[in-house]
Amino acid sequence: MPELPEVQTILDALAPLILDREIHSATVLWPPVVDRPEQTLFIAWMQGRRVVDVRRRGKYMLFRLDDARWLLMHLRMTGKVRVTDAAAPLRPHDRLIFHLNDGREWRFEDQRKFGRVYLVESPDEVIGKLGPEPLSDAFDADYLTHKLARRTAPIKSLLLDQRIVAGIGNIYADESLFRARIHPLRPGGSLTQEEIAMLVEAVKAVLAQALAEMGTTLQDYRRPDGSVGAFQNSLQVFRRTGEPCPSCGAPIRRIVVGGRSTHFCPREQR
DNA sequence: AAGAGACCCTGGATGC
DNA sequence: TGCATCCAGGGTCTCT
């Protein structure tokens with residue numbers, strides 16, 4: 001479900017609700033949601049902890065705890081977090097509950113069961129291989145040129161590779177490639193210097209705008225208070241198969257690249 | 001090493 | 001109506 005702008009938006013709303021609250025206990029409703037450590041240890045280690053810092057890295061949410069361990073969360077496709085009154089009824093797909101000391105509960109809900117939480121000494125145990133943040137200065141044309149050199153995989157697939165750059169998913173990969181007018185099937189190593197520079201700027205512009213609009217709501221992404229993002233109104237090609245390209249009017253095409261649905265303008269993206 | 005594909009899950013939409 | 005198939009914003013694993 002969520003990509004960088006959605007994860008950031010969720011985290012911004014969640015942070016004030018959980019910072020400095022004591023987690024007096026944890027209830028695991030579906031054990032595989034805890035990736036590590038083993039469930040019994042996870043529950044024991046979470047007991048009595050406080051979240052003292054909240055960060056995002058790629059699509060991961062990072063919570064620094066008062067014992068210097070880190071709780072990491074990844075929502076994958078359908079994960080959601082809510083902070084509710086403890087008396088609020090459970091929902092069918094609730095997987096994990098943190099009972100807070102203010103009478104509320106921080107709940108992790110996930111229909112498709114892909115989302116995971118990790119409790120680790122160091123975040124690098126989980127996110128050590130992530131590429132740079134796309135909005136940071138580390139993600140520039142020189143860096144991307146180096147990573148794309150001699151690569152034969154489609155540029156679309158490489159944009160989705162979190163080891164190259166962290167936080168881009170299917171929506172923003174398609175939108176960025178359209179903005180840069182680059183065909184999604186182009187081998188990564190075939191992009192010119194100029195195209196790479198365009199692509200870097202396109203990624204940054206698309207993500208910055210999506211952040212400003214609090215993400216994209218297609219089906220079930222919601223901010224923790226239930227409100228929706230607005231970037232779906234700004235999508236140029238994503239899930240607009242057959243509709244006219246906003247720039248030239250040619251019908252948007254849908255193909256499958258690396259197993260992922262891919263949308264582009266066949267006339268302008270070369 | 002890099003790339004392609006299977007796989008993990010559930011449920012809504014679509015087709016016959 | 002019932003059943004089959006496809007589809008979904010993610011990541012990991014295996015095989016070649």
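By convention in this document, chain letters (A, B, ...) are assigned in the order of the sequence lines, proteins followed by strands, and residues within each chain are numbered from 1.
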Where each pair must be Watson-Crick or G-U wobble with both distances under 3.5 Å, what dot-bracket representation of DNA chain C is obtained, with crossing pairs in [ ] and other-strand partners as |? .|||||||.|||||||
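- For A:K156, the salt bridge (charged side-chain N to carboxylate O under 4.0 Å, His left out) partners two or more places apart in sequence, or in a different chain, are A:D174.
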Grab the N/O contacts between the protein and nucleotides 2-5 of chain B below 3.5 Å, and write none if there aren't any.
{"from": "B:dG3", "atom 1": "OP1", "to": "A:T152", "atom 2": "N", "distance (Å)": "2.6"}
{"from": "B:dG3", "atom 1": "OP1", "to": "A:T152", "atom 2": "OG1", "distance (Å)": "3.1"}
{"from": "B:dG3", "atom 1": "OP1", "to": "A:A153", "atom 2": "N", "distance (Å)": "2.9"}
{"from": "B:dG3", "atom 1": "OP2", "to": "A:R151", "atom 2": "NE", "distance (Å)": "2.6"}
{"from": "B:dG3", "atom 1": "OP2", "to": "A:R151", "atom 2": "NH2", "distance (Å)": "2.4"}

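- Tested against A:T262, the residues A:P184, A:S157, A:P154 include a single side-chain contact (heavy atoms from CB on, under 4.5 Å) partner, A:P184.
- The heavy-atom pair separating A:V117 from A:M73 by the smallest distance is CG1-CG, 3.3 Å.
- Counting non-hydrogen atoms under 4.0 angstrom, A:G169 reaches the backbone sugars and phosphates but no base.
- With P as the reference atom, C:dG11 and B:dG12 are 24 Å apart, rounded to whole Å.
- Atom OG1 of A:T145 sits about 3.5 Å away from atom CD1 of A:I196, to the nearest 0.5 Å.
- A salt bridge links A:R69 with A:E121: the closest approach of a Lys/Arg side-chain nitrogen to an acidic carboxylate oxygen falls below 4.0 angstrom.
- Among the heavy atoms of the strands, none lies under 4.0 Å from A:Y172.
- Using modelled atom types and a 3.5 Å distance limit, the side chains of A:E194 and A:T192 yield no donor-acceptor pair.
- In this structure, A:D161 places its CG atom 10 Å from P of C:dT12, rounding to the nearest Å.
- Using a cut-off of 4.0 Å between Lys/Arg side-chain N and Asp/Glu carboxylate O, A:E3 and A:K59 are scored as not salt-bridged.
- If you measure from atom CG of A:L207 to atom P of C:dG9, you get 16 Å, rounded to the nearest angstrom.
- A:E109 contributes no side-chain N or O that, together with a main-chain N or O of A:G79, makes up a donor-acceptor pair within less than 3.5 Å.
- Heavy-atom nearest nucleotides on DNA chain C were determined for A:H263 and for A:Q162, and the one closer to the 5' end corresponds to A:H263.
- Going from atom CE of A:M77 over to atom C1' of B:dC7 covers 13 Å, rounded to whole Å.
- Near DNA chain B, meaning a heavy atom under 4.0 Å from it, residues 57-65 of chain A has no residue at all.
- The CG atom of A:D174 sits 9 Å away from the P atom of C:dG9 (whole-angstrom rounding).
- Using a 4.0 Å heavy-atom distance criterion, A:R163 is classed as making no nucleic acid contact.
- With a 6.0 Å radius and a threshold of 12 heavy atoms from other residues, nucleotides or ligands, A:D85 has its CG atom above the threshold.
- Residue A:I10 contributes atom CD1, which lies 16 Å from atom P of C:dG9 at whole-angstrom precision.
- The distance between atom CG of A:L218 and atom C1' of C:dG9, rounded to the nearest whole Å, is 7 Å.
- Using a distance-only test at 3.5 Å, with no hydrogens or angles considered, no donor-acceptor pair links the side chain of A:R36 to the main chain of A:Y118.
- In this structure, A:Y172 has its ring center under 6.0 Å from that of A:F231.
- Rounded to whole Å, the distance from CZ on A:R239 to P on C:dC7 is 12 Å.
- The backbone N or O of A:D110 lies less than 3.5 Å from a partner atom in the side chain of A:R95, making a donor-acceptor pair.
- Remark: A:R49 engages A:D66 in a salt bridge, criterion side-chain N to carboxylate O under 4.0 Å.
- Taking only side-chain nitrogens and oxygens, A:S261 comes nearer than 4.0 Å to OP1 or OP2 of C:dA8.
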Nucleotides 9-14 of chain B: protein proximity per nucleotide (B base, S sugar-phosphate only, - neither; heavy atom, under 4.0 Å): BBS---
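- Shown here are the ring-ring contact (aromatic ring centres under 6.0 Å, His included) partners of A:Y60, two or more places apart in sequence or in another chain: A:H74.
- Using P as the reference atom, B:dA6 and C:dT5 are 16 Å apart when rounded to the nearest Å.
- Spacing between atom CD1 of A:I168 and atom P of C:dG9 amounts to 15 Å, rounded to whole angstrom units.
- Using a 4.0 Å cut-off between charged nitrogen and carboxylate oxygen, A:E268 and A:R181 count as a salt-bridge pair.
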